Novice: 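Sharing a structure with you now.
Note that the structure is predicted; figures quoted are calculated from it, not measured.
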Amino acid sequence: MLFEFPFAVPTDRRTVPVLHTPHGAFRLQARFGGEPLSALPHAVYAQPSGDARLLHWRTPALTAEALVCRPELSLPEGMRVDGCLAVLWRVRAVEPVSSCAFDCTWQERQSWLSVGAENGQLVEAFTWSDGRVTVSAGTEDGESLLVRASRGRGLPLRWADPAVLGCSEPDCIDRVHAHEDGLHLVLPDLRPGETCQVHFAVAWAPASQNGGEAAWYAVDCTPRQILDGAHAG
């Protein structure tokens, strides 16, 4: 197992990895060497008293896990969201993997009154609103990926070089793509024994009373907040 996920038990309920919101679901997909990971995981572990789930895949080339839960949030005073969900991916290569890609996209096309990128320091996000409910999706930006790689925190140390990470700009702004359909993260190869960790978060709140701003703050979360949410159950 790539995650330490205490109090989890195997379950027969193998489900496609999604993050549900009031406007529909975000589909979570991963591709390695251009080949999509199976939609259904090979095993699922759940908490008897919580709603966190750990999805597990194993192929000849790699082991992949997706931890899906409600992260521990830290919002500015006076802000609230109606809900927030996140996924923390971990992948460990057994054989050489030529490329890695992760998507968090709408499962079905939606109709919106307003859409737009909502980026900030170290976070890449996109926000949708129908005038009643605002939904935001976010992940770390290219600069954050470089910093994590340089510290060996969930990414290969060699990825700290923008040229290795496949960036056309020093800040690697082109590694994460935020569009109306969702978020796309493109990363380079993994060598045997190397690990890659990335995450996505989605949040929703009333469109009025700073709801859009609150949803944006919620998706600007860290892997630590996701792990804390999973352990809290």
Side-chain angles (χ1 to χ4, degrees), residues 3 18-26 28 47 50-53 66-89 102-106 110 112-151 153-155 171-173 175-185 197-233:
F3 283 98
V18 295
L19 302 178
H20 290 282
T21 82
H23 281 307
F26 283 89
L28 305 171
Q47 293 174 311
D51 56 6
R53 294 172 294 131
L67 179 61
V68 180
C69 68
R70 302 180 188 275
E72 289 286 319
L73 297 181
S74 178
L75 297 176
E77 185 176 357
M79 287 191 177
R80 70 173 183 86
V81 295
D82 289 343
C84 183
L85 292 170
V87 58
L88 184 61
W89 283 98
F102 301 88
D103 301 322
C104 177
T105 57
W106 286 106
Q110 308 288 327
W112 309 105
L113 292 179
S114 63
V115 299
E118 298 282 353
N119 304 325
Q121 185 176 17
L122 305 182
V123 61
E124 192 93 15
F126 207 90
T127 295
W128 302 260
S129 178
D130 66 351
R132 296 179 297 104
V133 176
T134 294
V135 179
S136 290
T139 186
E140 62 187 326
D141 65 7
E143 182 181 356
S144 179
L145 292 169
L146 283 174
V147 171
R148 267 207 303 126
S150 69
R151 298 173 180 172
R153 295 171 59 181
L155 296 175
D171 58 4
C172 287
I173 59 173
R175 291 301 83 197
V176 185
H177 304 279
H179 299 290
E180 187 172 344
D181 71 330
L183 304 175
H184 306 269
L185 178 57
Q197 176 178 288
V198 299
H199 71 272
F200 297 102
V202 300
W204 55 96
S208 59
Q209 300 178 348
N210 296 321
E213 190 175 356
W216 182 89
Y217 271 102
V219 301
D220 184 15
C221 66
T222 66
R224 183 72 263 167
Q225 288 174 279
I226 299 172
L227 289 169
D228 288 345
H231 286 264

Novice: Val18 and Arg53: which non-hydrogen atoms are nearest, and at how many Å?
Specialist: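 What the structure gives for the nearest pair is O-NH2, 3.9 Å.
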Novice: How close do Val219 and Ala201 get, heavy atom to heavy atom, and via which atoms?
Specialist: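 Minimum heavy-atom contact is CG1-O, 3.4 Å.
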Novice: Where the side chain of Glu72 meets the backbone of Gln225, is there a donor-acceptor pair that is under 3.5 Å apart?
Specialist: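 No: the side chain of Glu72 does not pair with the backbone of Gln225.
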Novice: Leu73 versus Cys84: any side-chain heavy-atom pair under 4.5 Å?
Specialist: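 Result yes, sub-4.5 Å side-chain heavy-atom pair found.
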Novice: Can you tell me how the ring of His23 sits relative to the ring of Trp112, calling it parallel under 30°, perpendicular over 60° and tilted otherwise?
Specialist: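 It falls in the perpendicular class, over 60°.
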Novice: Output the distance between atom CG (Leu183) and atom NE2 (His177), rounded to the nearest 0.5 Å.
Specialist: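 With rounding to 0.5 Å, CG (Leu183) is 11.0 Å from NE2 (His177).
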Novice: Give, for atom OG of Ser74 and atom CE of Met79, the distance between the pair rounded to the nearest 0.5 Å.
Specialist: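 CE of Met79 is found 12.0 Å from OG of Ser74.
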Novice: State, to 0.1 Å, how close Val202 and Ala137 come at their nearest heavy-atom pair, and which atoms those are.
Specialist: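 In terms of heavy atoms, the two residues are closest at CG1-CB, 3.8 Å.
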Novice: Contact between Leu19 and Val68 at the side-chain level, heavy atoms closer than 4.5 Å - yes or no?
Specialist: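 In contact.
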Novice: Has the side chain of His199 got a donor or acceptor atom that lies under 3.5 Å from a matching backbone atom of Cys221?
Specialist: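 Yes, because the side chain of His199 sits within donor-acceptor range (under 3.5 Å) of the backbone of Cys221.
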Novice: Mind checking the NE2-CH2 spacing from His20 to Trp204? Nearest 0.5 Å is all I need.
Specialist: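 The NE2 atom of His20 sits 9.5 Å away from the CH2 atom of Trp204.
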Novice: Taking it one step at a time, do Thr127 and Thr134 satisfy side chain to side chain contact (heavy atoms under 4.5 Å, CB included)?
Specialist: CA-CA 7 Å; Thr127 295; Thr134 294; 3.3 Å; yes
Novice: Side-chain contact test, heavy atoms from C-beta onward, threshold under 4.5 Å: evaluate it for Asp103 versus Asp181 and give yes or no.
Specialist: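 Result no, sub-4.5 Å side-chain heavy-atom pair not found.
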Novice: Over all heavy atoms of both residues, which pair between Arg80 and Pro206 is shortest? Give the atoms and the distance, please.
Specialist: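 Heavy atoms of Arg80 and Pro206 come nearest at NH2-CG, 3.7 Å.
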Novice: Could you pull out the closest heavy-atom pair between Leu88 and Phe3, with the gap in Å?
Specialist: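 Nearest pair, atom of Leu88 first, then Phe3: O-CZ, 3.4 Å.
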Novice: Answer yes or no: is there a side-chain heavy-atom contact under 4.5 Å between Phe26 and Val87?
Specialist: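 They are not in contact (no side-chain heavy atoms under 4.5 Å apart), so the answer is no.
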Novice: Hey, what's the ring geometry for Phe126 with Trp128, parallel, tilted or perpendicular (30° and 60° as the breaks)?
Specialist: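 Phe126 vs Trp128 ring planes: tilted.
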Novice: How many angstroms lie between atom CG of Leu185 and atom CZ of Phe200, to the nearest 0.5 angstrom?
Specialist: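 If I round to the nearest 0.5 Å, the distance is 5.0 Å.
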Novice: With rounding to the nearest 0.5 Å, note down the distance linking CD in Glu140 to OG1 in Thr222.
Specialist: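 Here the rounded value is 10.0 Å.
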Novice: For Val147, does its backbone N or O pair with a side-chain atom of Ser150 as donor and acceptor, under 3.5 Å?
Specialist: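 Between the backbone of Val147 and the side chain of Ser150 there is a qualifying donor-acceptor contact (under 3.5 Å).
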Novice: Can you give me the closest heavy-atom contact between Gln197 and Pro223, atom names plus distance?
Specialist: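 The answer is NE2-CB, 3.6 Å.
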Novice: So do the side chains of Trp216 and Val123 get within less than 4.5 Å of each other, counting heavy atoms only?
Specialist: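 Of all side-chain heavy-atom pairs linking Val123 with Trp216, at least one is under 4.5 Å.
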Novice: Would you check, one step at a time, whether the test side chain to side chain contact (heavy atoms under 4.5 Å, CB included) holds for Arg70 with Leu85?
Specialist: CA-CA 5 Å; Arg70 302 180 188 275; Leu85 292 170; 3.7 Å; yes
Novice: Quick check for you: to the nearest 0.5 Å, what is the distance between Thr21 atom OG1 and Asp82 atom CG?
Specialist: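 Atom-to-atom, Thr21:OG1 and Asp82:CG are 11.5 Å apart.
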